[in-house]
Amino acid sequence: MSRLVIVSNRVAPITEGKPTAGGLAVGVFDALKDAGGMWFGWNGEIAADVPSEPTITHRRKVTFATVPLTRREYNTYYRGFANATLWPTFHYRDDLTRFQRDEYNGYRHVNARFASMLAPLLAADDLVWVHDYHLLPFAQACRQIGVKHRIGFFLHIPFPSPQVLMTVPPHEALVRAMCEYDLVGFQTETDRTAFTDYIVRHADGTLAGDGNVTAYGRTLRTGVYPIGIYPDEIQAQSVARANMKHILDLKQGLQERKLIMSVDRLDYSKGMLERFRAFERLLELWPNQQGTVSFVQVAPPSRSDVAGYGEIRLQLEAEAGHINGRFSDLAWTPLRYINKRYDHEVLMSLFRSSQVGYVTPLRDGMNLVAKEYVASQDPADPGVLVLSCFAGAAHELTGALIVNPYDLDGMAEALRNALNMSLSERQSRYTTMMAQLREHNLSVWRDRFIHDLREPAALPLPALLRSAPAAAA
């Protein structure tokens, strides 16, 4: 069996046998910890000079090969092209996109340097699995120095429609570089279709059937691989901290009020401003809800040195103050907006204590928080998930109340319906979604991608059972 080599922008620190970050890091580490392999990427450090070789460490069956970035590389590759150009564009916020040619050159430079540092570490039959938007041209950089291994790529965020992608000046060079992969995977069929549409309409490419495409003289496979979680582990975590001080203090402060709960990284793609305003509409349209429900938004800061993130924080603070100033009384504060990090188990216990999970991104590749909310619930008395139709998870979690995050009245109505839903309906929706989460867990995501990466492009991809998003609530 060939060794699996994972390449990602960041190699997450491992504490007590597991990554300290979620999402991508958990999925990547899980792919390695049983069978073994290598994880290559940035160590999170800024150095005056970069070493000629990665730092190698070993933990059980996993080899970690990490490298620092220089300050210039951090500014051009990470803060610049990756997060000031690609991130907003891929989330359909081209109004926030900034393009500078030197940042794009820095992005290409870091990808080339990473490739040159990884190549000497590869054994002849290694499989290379590359993750996310920071590394779109990584395979091309590898091919240019003679690496012939099978290399797969998985995009964790959305892939934009061709017209949106074309607002990025080097769009053609980026797609050409992506075609150097043997397999390109996406979270949803919508994302894959956006990629293949570009190939056909703007790269003179052709569809070869079953997700295979031919462009720029190569045939590659494309596939849809919705990333999952381990729902039973999440449920165990939600129970483990149920009696800790944070949870008991929250319950005491609620005084039998119902709880709407949201957890997001502080980011303009998450739709928090619209979410706050829809909660305000709930209190306006149904005054009987005033004093009976509290909304807690946990939003730990992220990328604070990237343009645009300071502004969204100021907007959220102003909106939270406006809502509380308008509706609060001596015994009730309707909205608690918290800029703190909590342990994952604490967050899962907070989810379990709530009656509504409020997950309404303006655009999201998958959104594992939505899946974690469902998994954390008490089967005997589950909460209700209110979920954006623009989250990839909406294709799977059909038991949620699906909303359009640009429709404030529609979201307010969904919140009201969730708060008043009968126990039998809540249990039915929960059971349906938990079955989906167990059937398509994190291991299934990992194993399907690796299986398809081993296969040549000429073979058809296995069919993926997909559910269409439910109608908007």
Side-chain angles (χ1 to χ4, degrees), residues 21-27 82-83 86-97 131-134 154-161 164-165 185-195 224-229 261-276 278 297-300 302-303 306 308-309 312 316 347 351 357-375 385-407 410-411 414 433 436-437 440 442 445 466-470 472-473:
L24 184 154
V26 173
N83 284 310
L86 293 181
W87 177 270
T89 302
F90 280 40
H91 287 86
Y92 289 77
R93 291 301 306 271
D94 50 309
D95 59 311
L96 299 176
T97 297
H131 289 263
D132 228 3
Y133 62 103
H134 313 83
F154 183 76
L155 184 66
H156 290 256
I157 67 175
F159 192 87
S161 66
V164 174
L165 179 62
F186 302 93
Q187 298 275 22
T188 69
E189 187 62 50
T190 299
D191 298 324
R192 173 165 67 173
T193 298
F195 177 75
V224 178
Y225 307 90
I227 190 170
I229 61 172
M261 189 76 208
S262 291
V263 175
D264 296 279
R265 198 168 43 77
L266 188 62
D267 190 282
Y268 49 76
S269 68
K270 300 302 182 183
M272 285 184 280
L273 193 60
E274 291 78 6
R275 190 180 308 164
F276 283 15
Q297 171 72 65
V298 176
S302 71
R303 300 177 188 157
V306 176
Y309 285 80
I312 185 63
L316 291 170
L347 295 175
F351 282 162
Y358 197 13
V359 186
T360 55
L362 303 180
R363 188 75 59 167
D364 223 335
M366 178 52 61
N367 196 294
L368 294 182
V369 169
K371 295 186 175 186
E372 290 175 337
Y373 180 81
V374 173
L385 176 63
V386 176
L387 178 62
S388 166
C389 62
F390 297 118
H395 293 260
E396 299 180 88
L397 300 180
T398 57
L401 296 181
I402 307 297
V403 298
N404 184 328
Y406 297 96
D407 178 5
M411 283 203 290
M433 292 189 287
Q436 168 72 22
L437 294 178
H440 299 282
L442 189 60
W445 168 77
R466 288 181 296 274
S467 299

Practice task
Could you tell me whether the side chain of L266 reaches within less than 4.5 Å of the side chain of L316, counting heavy atoms only?
Solution key: yes

Practice task
Give a yes or no answer on whether the side chain of S262 reaches the backbone of Y358 with a donor-acceptor pair at less than 3.5 Å.
Solution key: yes

Handout entry: Shortest non-hydrogen contact from A82 toward H134
Key = CB-CD2, 3.9 Å

Handout entry: Heavy-atom check, side chain of V369 versus side chain of F351, under 4.5 Å
Key = yes

Practice task
Determine yes or no for a side-chain-to-main-chain donor-acceptor pair under 3.5 angstrom, with N367 supplying the side chain and A393 the backbone.
Solution key: no

Exercise for the section: Verify, without hydrogens or angle tests, whether Y92 (side chain) and S161 (backbone) share a donor-acceptor contact under 3.5 angstrom. Expected result: yes

Practice task
Measure the acute angle between the ring planes of W445 and H131, then classify it against the limits of 30° and 60° as parallel, tilted or perpendicular.
Solution key: tilted

Exercise for the section: Please tell me if the side chains of D364 and K270 come closer than 4.5 Å, counting only heavy atoms from C-beta onward. Expected result: yes

Practice task
Go through the steps to decide whether E396 and M366 satisfy the test side chain to side chain contact (heavy atoms under 4.5 Å, CB included), and finish with yes or no.
Solution key: CA-CA 10 Å; E396 299 180 88; M366 178 52 61; 3.6 Å; yes

Problem - Heavy-atom closest pair, residues I227 and Q187 - result: N-OE1, 3.1 Å

Handout entry: H91 side-chain N/O to W87 backbone N/O, donor-acceptor pair under 3.5 Å
Key = yes

Problem - Y268/L362 under side chain to side chain contact (heavy atoms under 4.5 Å, CB included): CA gap, chis, key distance, verdict - result: CA-CA 8 Å; Y268 49 76; L362 303 180; over 6 Å; no

Exercise for the section: Evaluate the side-chain proximity of F390 to N404: yes if any heavy-atom separation is below 4.5 Å, no if none is. Expected result: yes

Practice task
Could you tell me whether the side chain of V386 reaches within less than 4.5 Å of the side chain of V359, counting heavy atoms only?
Solution key: no

Handout entry: Flag side-chain contact, heavy atom, 4.5 Å: L165 against F90
Key = yes

Problem - Side-chain heavy atoms of E372 within contact of L347, under 4.5 Å - result: no

Problem - Option from V374, I402, T360 for which side-chain contact (heavy atoms from CB on, under 4.5 Å) with L387 holds - result: I402

Practice task
Return yes if some donor-acceptor pair links the side-chain N/O of R363 with the main-chain N/O of P160 below 3.5 Å, else return no.
Solution key: no

Handout entry: Intermediate values then yes/no, side chain to side chain contact (heavy atoms under 4.5 Å, CB included), Q297 and D264
Key = CA-CA 8 Å; Q297 171 72 65; D264 296 279; 3.3 Å; yes

Practice task
Please check if the side chain of S388 supplies one atom and the backbone of P361 the other of a donor-acceptor pair under 3.5 Å.
Solution key: yes

Completion exercise
When rounded to the nearest 0.5 Å, the distance separating NZ of K371 from CD of Q436 is 7.0 Å

Practice task
Return yes if some donor-acceptor pair links the side-chain N/O of D267 with the main-chain N/O of S269 below 3.5 Å, else return no.
Solution key: yes

Handout entry: Aromatic contact, F186 with Y225 (centres under 6.0 Å)
Key = no

Practice task
For T188 and D191, test the side chains for any donor-to-acceptor distance below 3.5 angstrom and give the result as yes or no.
Solution key: yes

